[in-house]
Amino acid sequence: MNDSEERRRELLRQTRKLYDEKREIPAVHPRYGRIYHDLYKDNEKPENSSGGTFYIRLAIGILCFVCFVYMDQSKTKVADVDSRTIVNEIEKNMDAETIKEVWKAL
């Protein structure tokens, strides 16, 4: 291979690199990566569609409900709390001042 052929190959490689549609994304801070990917969708890469924490929170909620129903049906107390006490605490109305005082006390 002579010098002119090497030079042409190098120029061709540089041109392909310059106009290649499969360019990598620029360095983006992780905090803003999601926004960048939403704006400039990358069609070649499959999206990572994770459910997040929804299913974990759903499972915890169902578990809490099942435990509550079990406590109510069997009339058991856990840590001196029964199902009626839980219902009373849920139904209790609290004003904003009381909540602020409790948070300040913590």
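- Among residues two or more places apart in sequence or in another chain, the side chain to side chain donor-acceptor pair (under 3.5 Å) test is passed with Asp95 by Thr98.
- Not counting sequence neighbours, Asp80 has no partner by the side chain to side chain donor-acceptor pair (under 3.5 Å) test.
- Taking Gln14 as the reference, Glu10 meet the side chain to side chain donor-acceptor pair (under 3.5 Å) condition, with sequence neighbours excluded.
- Formation of a donor-acceptor pair under 3.5 Å by the Thr15 side chain with backbone atoms of Leu11 is found in this model.
- Apart from Ile56 itself, the hydrophobic cluster it occupies contains Ile60, where clustering links Ile, Leu, Val, Met, Phe, Trp and Tyr at side-chain heavy-atom distances under 4.5 Å.
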N/O donor to acceptor pairs below 3.5 angstrom from side-chain atoms of residues 99-106, sequence neighbours left out:
none

Give the table of side-chain donor-acceptor pairs shorter than 3.5 Å for residues 65-75, with sequence neighbours excluded, one pair per line with atom names and distance.
{"residue": "Asp72", "atom": "OD1", "partner": "Ser83", "partner atom": "OG", "Å": "2.9"}
{"residue": "Ser74", "atom": "OG", "partner": "Tyr70", "partner atom": "O", "Å": "2.7"}
{"residue": "Ser74", "atom": "OG", "partner": "Thr76", "partner atom": "OG1", "Å": "3.4"}
{"residue": "Lys75", "atom": "NZ", "partner": "Asp72", "partner atom": "O", "Å": "3.4"}

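- Between the CG atom of Asn2 and the CZ atom of Arg8 there is a distance of 7.0 Å, given to the nearest 0.5 Å.
- When hydrophobic residues (I, L, V, M, F, W, Y) are linked wherever their side-chain heavy atoms come within less than 4.5 Å, Leu63 remains an isolated member.
- Residues meeting the salt bridge (Lys or Arg N to Asp or Glu O under 4.0 Å) test with Lys92, sequence neighbours left out: Glu89.
- Every residue was checked against the salt bridge (Lys or Arg N to Asp or Glu O under 4.0 Å) condition with Arg7, not counting sequence neighbours, and none meets it.
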